[in-house]
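Below: the structure, in structure tokens.
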Amino acid sequence: MNKPDVKNIKTAKRYSNALLKSAIESSLTDKIYYDLIFISDTIKNNINLKDFLNSPVIKISDKKEVIEKILQPHIDKITLDFLYLLIESGRINIISEILNQFTIKYNNEKNIVKPLIISAVELDDNQKNRITESLKNKLKKSIFPEYIINSDIIGGLIIEIG
């Protein structure tokens, strides 16, 4: 999928808002979140499928048939219907950005923060646990950090959230 422009981000936000609302109403938020990850990975890792879905010369009915055969056994009906909507509206090309926007909303809904923690040296497990607990107490959210080493830092930590 291409890097989205501002218009695609706005469109993806609208689609992800609608999908999240439907997911919450049906109590399937987690399932639909994991469905979107599966779909995005499947399309991203299969260039032929990606080209097929993005092709303007292939009929919508053919795209829906292929999606149904490949994905239906693995995803919820709400997610499948959502994919059909994206295909019909010519928006399947922004599925990755829809996933990004859905993930932001999902994490907010689930009270999850995924900070990026940058340090000059490798942190041991005790240090990582103390940082995670400190952030958890300060932010009152579930913390799932990603750690990166950057030897250009003289000392201390850089913590990026959001």
Side-chain angles (χ1 to χ4, degrees), residues 1-55 58-117 125 128-129 131-148 159-162:
M1 310 284 158
N2 297 334
K3 184 176 180 180
D5 60 22
V6 174
K7 182 179 176 186
N8 284 347
I9 292 173
K10 288 181 182 179
T11 303
K13 282 182 180 180
R14 286 195 307 270
Y15 278 99
S16 65
N17 284 339
L19 183 59
L20 183 62
K21 181 180 178 190
S22 181
I24 291 169
E25 288 172 356
S26 58
S27 300
L28 292 171
T29 311
D30 293 336
K31 172 67 174 135
I32 290 174
Y33 171 69
Y34 292 112
D35 284 354
L36 286 178
I37 292 171
F38 175 75
I39 293 162
S40 184
D41 288 347
T42 301
I43 293 171
K44 185 174 26 174
N45 294 327
N46 188 329
I47 192 73
N48 293 332
L49 178 61
K50 181 179 168 181
D51 291 344
F52 176 83
L53 292 173
N54 289 326
S55 175
I58 297 175
K59 291 191 270 182
I60 290 173
S61 60
D62 292 340
K63 291 179 183 183
K64 287 171 135 181
E65 186 178 325
V66 167
I67 285 292
E68 183 176 342
K69 285 181 182 175
I70 294 173
L71 298 174
Q72 183 183 24
H74 309 286
I75 62 175
D76 189 80
K77 183 178 179 347
I78 291 172
T79 312
L80 184 63
D81 290 342
F82 181 73
L83 282 180
Y84 290 162
L85 175 67
L86 292 178
I87 290 169
E88 290 167 2
S89 63
R91 299 292 189 184
I92 194 71
N93 63 317
I94 63 168
I95 187 72
S96 290
E97 187 55 40
I98 292 169
L99 170 61
N100 291 341
Q101 295 302 319
F102 190 92
T103 299
I104 291 167
K105 292 167 183 53
Y106 175 85
N107 287 343
N108 191 37
E109 184 75 22
K110 296 289 185 174
N111 214 20
I112 295 171
V113 174
K114 296 184 176 184
L116 179 62
I117 301 172
D125 288 341
K128 288 178 180 179
N129 288 337
I131 292 166
T132 300
E133 283 303 312
S134 177
L135 288 172
K136 189 183 216 178
N137 291 335
K138 192 174 234 44
L139 299 173
K140 306 290 187 237
K141 294 182 182 257
S142 298
I143 307 295
F144 296 94
E146 178 183 345
Y147 293 92
I148 294 179
I159 300 175
E160 295 179 358
I161 300 174

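Starting from 1, each residue takes its place in the sequence as its number.
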task: Using modelled atom types only, decide if a donor and an acceptor are shared between the side chain of Asn45 and the backbone of Asp41 within a distance under 3.5 Å.
output: yes

- prompt: Taking only residues two or more places apart in sequence, or in another chain, which ones meet Glu65 in a side-chain contact (heavy atoms from CB on, under 4.5 Å)?
  reply: Lys69

- request: Would you please test Ile94 and Arg91 for side-chain contact (heavy atoms from CB on, under 4.5 Å) and show each step?
  value: CA-CA 6 Å; Ile94 63 168; Arg91 299 292 189 184; 4.2 Å; yes

- request: Indicate yes or no for a side-chain donor-acceptor contact from Lys44 to the backbone of Ile39 under 3.5 Å, with no hydrogens or angles considered.
  value: no

field: N-O pairing of Lys13 and Glu97 below 4.0 Å
entry: no

query: Does the Asp35 side chain pair with the main chain of Asp76, one donor and one acceptor, at a distance under 3.5 Å?
result: yes

- prompt: With no hydrogens and no angle check, is any side-chain donor or acceptor of Thr42 less than 3.5 Å from a backbone partner on Phe38?
  reply: yes

Summary of ring-ring contact (aromatic ring centres under 6.0 Å, His included) pairs that have at least one residue in residues 82-115, sequence neighbours excluded: Tyr33-Tyr106

- line: Lys59 meets the side-chain contact (heavy atoms from CB on, under 4.5 Å) criterion, sequence neighbours left out, with Ser61, Asp62

message: Against Ile67, only a single residue in Ile75, Leu83, Ile92 fulfils side-chain contact (heavy atoms from CB on, under 4.5 Å); can you say which?
response: Leu83

- prompt: After noting the C-alpha distance and the side-chain angles of Val66 and Ile58, does the key distance pass the side-chain contact (heavy atoms from CB on, under 4.5 Å) rule?
  reply: CA-CA 11 Å; Val66 167; Ile58 297 175; over 6 Å; no

task: Evaluate side-chain contact (heavy atoms from CB on, under 4.5 Å) for Ile78 paired with Ser26, printing each intermediate quantity in order.
output: CA-CA 9 Å; Ile78 291 172; Ser26 58; 3.2 Å; yes

field: Distance, nearest 0.5 Å, that separates CD1 of Ile98 from OG of Ser16
entry: 7.5 Å

task: Return yes if some donor-acceptor pair links the side-chain N/O of Ser22 with the main-chain N/O of Ala18 below 3.5 Å, else return no.
output: no

task: Start with the C-alpha distance between Glu146 and Ile117, add both sets of side-chain angles, then the distance that settles side-chain contact (heavy atoms from CB on, under 4.5 Å), and finish with yes or no.
output: CA-CA 6 Å; Glu146 178 183 345; Ile117 301 172; over 6 Å; no

